[in-house]
Amino acid sequence: MSATEKPSNFIRHLIDADLASGRYASRRWCGQPGPAVLQKVGAGDTAKIRTRFPPEPNGYLHFGHAKSICLNFGLARDYGGACHLRFDDTNPEKEDQEYVDAIVESVRWLGFDWGEHLYYASGYFQWMYEFAEKLIEAGEAYVDSQSAEAMRAGRGTLTAPGVDSPFRNRGVTESLDLFRRMKAGEFPDGAHVLRAKIDMASGNISLRDPAIYRIRHAEHHATGTAWCIYPMYTFAHPIEDALENITHSICTLEFEDQRPFYDWLLTRLARLGCINPPPPQQIEFARLNLSYTVLSKRKLIQLVTEGHVGGWDDPRLPTLVGARRRGFTPEGFRRFAEMIGVSKSDSWIDIGVLEDCQREHLNETAPRRIAVLDPLKLVIDNYPAGQEEECHAPNHPQKPEWGKRPVPFSRELWIEREDFMETPAKGYFRLFPGNRVRLRYGFVIECTGCEKDECGNLVAVHCNYFTDSKSGTPGADTYKTKGNIHWLSAPHAVAAEVRLYDRLFTALAPGAGERDFLADLNPESLRVITARIEPALVDAAAEARFQFERHGYFVADRKDSRPGAPVFNRAVTLKDSWGKTGK
Ligand code: ATP
Ligand code: MG
């Protein structure tokens with residue numbers, strides 16, 4: 001699909017304008033300063049734009065990241081560009097190889113490919129360091145030796161300007177010497193920081209001499225103990241973009257205040273010959289907020305480490321690994337991202353919209369099967385004991401080419417408990433004494449009564465069937481019934497564990513106000529039952545998805561299913577049971 005056929009948005013308008021004006025056409029794609037690994041970026045390729053998805057490997061990807069992934073990779077695809085996967089691993093604490101691996105797997109699962117463009121910000125530490133020295137030499141940065149509290153106090157507020165540090169006019173030679181000794185490990189954490197020299201009276205607090213390097217004696221997951229000073233995110237990120245020849249650096253709105261610093265830094269680095277002009281541009285869009293969901297890494301980590309869920313891939317978590325186990329599909333996420341689009345103003349999206357997108361795709365792709373989740377015995381008294389026959393059920397009602405499969409029929413069946421009422425409520429059309437229903441793909445039956453144990457519990461329903469009413473046989477449709485229920489032959493059906501997942505939180509905005517978000521956990525977010533499944537489901541492959549008729553979409557759990565003993569997870573019900581979605 002060409003870019004022009006996509007629903008447009010302000011980012012596409014910007015890119016269209018840049019392409020029309022040739023803004024990046026003059027960019028020298030190769031031979032620029034930077035690590036050898038990057039010398040090839042763009043060399044000989046014709047990428048018209050370059051975007052990147054830059055996760056910090058300090059957690060698993062969540063649904064919000066999916067929006068950013070679909071946006072960045074989608075733009076590169078539509079415009080004939082390239083999208084880099086870059087690990088923004090400039091922070092030595094909290095980052096881990098486990099997260100790196102999971103992120104790689106999830107981006108691939110969503111259906112995107114970065115080709116050879118997999119990068120690590122930590123691979124640029126030497127360059128960042130050298131650029132910092134260049135800034136000091138140019139009088140654009142200085143080492144500040146105030147305490148953290150003094151620095152904070154000197155920063156000012158939204159209404160009051162900041163005050164200059166007593167170290168602000170320290171000479172270039174002294175700053176350079178101190179910075180080199182910071183790197184050499186001569187000072188403890190917090191003794192000094194390197195700051196950009198901009199304007200302590202700026203109306204934008206981000207421009208009041210922001211810190212760009214700090215001392216941190218910590219081991220880094222990729223560089224080990226090679227460094228004891230680390231660049232601040234706001235300094236590192238523009239450099240990563242510039243070194244990788246990114247054209248459009250797309251981030252969420254909270255970085256809007258940082259854009260002037262992004263531009264300040266790259267303008268200077270270009271002037272100093274550190275990077276090639278023109279610099280990349282930062283573009284902000286509104287992050288995804290989803291109702292009934294938390295999308296903060298800190299909260300997700302808390303849910304996992306405190307055991308409120310069964311791990312990062314718990315199907316109730318809004319992580320991509322969780323969604324995959326839940327039975328959600330990459331196509332459903334991509335459809336969702338297209339549907340919600342991108343905008344400049346923060347808003348909430350109803351989780352029902354994502355569920356609808358998943359439902360739509362599952363409806364198109366999931367074969368139909370029969371499962372009885374709450375089994376009740378039905379005995380057909382006029383059907384000969386020991387006899388059995390086949391009925392035929394379509395694998396997809398809208399796709400006759402998918403064919404039909406045999407479903408065994410016999411005298412004793414399982415039906416859903418809720419499909420029988422001894423005393424029917426008003427408007428109830430299913431089984432009750434004297435009423436007729438069709439056993440879907442089978443016969444019409446008439447209920448004759450029910451059987452109870454000594455405690456009064458219902459144990460079986462009795463009926464007679466009409467021999468000439470079998471679905472698909474001549475004359476079968478002369479029987480008119482209002483109810484149509486699913487069933488399984490009791491001797492042929494197999495017991496299987498089924499996990500009924502529901503939303504993890506009961507509140508629209510979990511933890512809104514002063515409330516602890518854990519207080520909003522849904523105590524009924526998981527119900528494990530033993531259901532009966534049709535023989536055709538017994539050998540379901542891990543991750544195979546099905547519609548269980550009249551129930552919803554289910555997937556064979558990728559971890560716990562065994563050959564011959566599948567475990568099913570409910571992805572979504574057939575209809576949104578939480579009320580109208582915001583669609
Ligand atoms: P958190 O705030 O949960 O810690 P983060 O933004 O720090 O998330 P990163 O790993 O830095 O997480 O995110 C990688 C990319 O994904 C960033 O470009 C970020 O803007 C984007 N992103 C993160 N959360 C969302 C969201 N809710 N909606 C859209 N994009 C998001
Ligand atoms: Mg971040």
Side-chain angles (χ1 to χ4, degrees), residues 9 11 50-76 83-91 93-96 98-104 106-107 110 112 114 118-122 221 232-234 236-238 240-241 244 246 248-259 262 280-304 312 317-323 333-334 336-351 353-354 509-511 517:
N9 58 50
I11 298 181
R50 259 172 213 287
T51 56
R52 84 285 173 268
F53 173 64
E56 186 179 351
N58 61 353
Y60 280 65
L61 296 184
H62 56 59
F63 295 0
H65 294 120
K67 174 176 178 179
S68 175
I69 294 167
C70 292
L71 175 64
N72 280 292
F73 281 93
L75 287 170
C83 181
H84 298 184
L85 175 59
R86 179 206 305 149
F87 286 101
D88 216 327
D89 58 349
T90 52
N91 185 354
E93 286 115 3
K94 297 183 188 157
E95 296 176 355
D96 206 298
E98 175 196 349
Y99 298 132
V100 171
D101 297 340
I103 290 170
V104 162
S106 285
V107 179
L110 274 182
F112 297 106
W114 47 90
L118 173 66
Y119 303 112
Y120 291 84
S122 58
H221 81 108
M232 303 300 286
Y233 177 84
T234 47
H237 203 84
E240 296 157 24
D241 286 342
E244 290 180 16
I246 299 302
H248 300 87
S249 174
I250 301 167
C251 62
T252 41
L253 280 178
E254 63 272 25
F255 291 101
E256 201 162 18
D257 283 353
Q258 293 291 343
R259 180 157 25 105
Y262 187 103
Q281 59 180 312
Q282 174 179 308
I283 303 166
E284 308 86 19
F285 72 102
R287 67 192 295 115
L288 173 67
N289 298 306
L290 270 181
S291 63
Y292 299 101
T293 310
V294 298
L295 290 181
S296 128
K297 277 188 201 161
R298 188 181 57 74
K299 288 178 179 164
L300 296 178
I301 288 176
Q302 193 183 343
L303 288 169
V304 172
W312 282 106
L317 274 190
T319 54
L320 293 180
V321 283
F333 275 106
R334 299 204 298 266
F336 174 66
E338 290 275 330
M339 178 175 286
I340 60 174
V342 289
S343 81
K344 269 281 188 194
S345 52
D346 268 316
S347 66
W348 283 75
I349 303 286
D350 193 310
I351 182 82
V353 177
L354 173 61
F517 78 107

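Quick note: numbers below take in every heavy atom, side chains included, and nothing from hydrogens, waters or symmetry partners. We number each residue from 1, following the sequence as shown. The shown structure was predicted, so the numbers you read here are calculated from the model rather than taken from an experiment. When a ligand or atom number is given, it counts from 1 through the structure's own listing order.
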Inset, instruction - Give yes if a backbone or side-chain nitrogen or oxygen of Leu288 is under 3.5 Å from a nitrogen or oxygen of ligand 1, and no if not. - result: yes
Legend entry - Test of proximity, Asn58 against ligand 1: N or O pairs below 3.5 Å: no
Inset, instruction - Give me the one residue out of Leu85, Ile246, Asp88 that meets side-chain contact (heavy atoms from CB on, under 4.5 Å) with Arg52. - result: Ile246
Inset, instruction - Under 4.0 Å, heavy atoms only, figure out whether ligand 1 is touched by the backbone of His62, its side chain, both or neither. - result: side chain
Legend entry - Under 3.5 Å donor-acceptor, Asp346 side chain and Ala286 backbone: no
Legend entry - ligand 1 N/O within reach of Ser296 N/O, cut-off under 3.5 Å: no
Legend entry - Any N or O of Thr252 closer than 3.5 Å to N or O of ligand 1: yes
Inset, instruction - For Glu240 and Pro54, indicate whether the former's side chain and the latter's backbone hold a donor-acceptor pair under 3.5 Å. - result: no
Legend entry - Subset of ligand 1 atoms that lie under 4.0 Å from at least one heavy atom of Ser68: 16 (O), 21 (C), 30 (N)
Inset, instruction - Mind telling me whether Tyr120 and Phe87 have parallel, tilted or perpendicular rings, with 30° and 60° as the class edges? - result: parallel
Inset, instruction - Just let me know how Phe53 lines up against ligand 1, side chain, backbone, both or neither, with a heavy-atom cut-off below 4.0 Å. - result: side chain
Inset, instruction - Examine His65 against ligand 1 and note whether any of their N/O atoms are separated by less than 3.5 Å. - result: yes
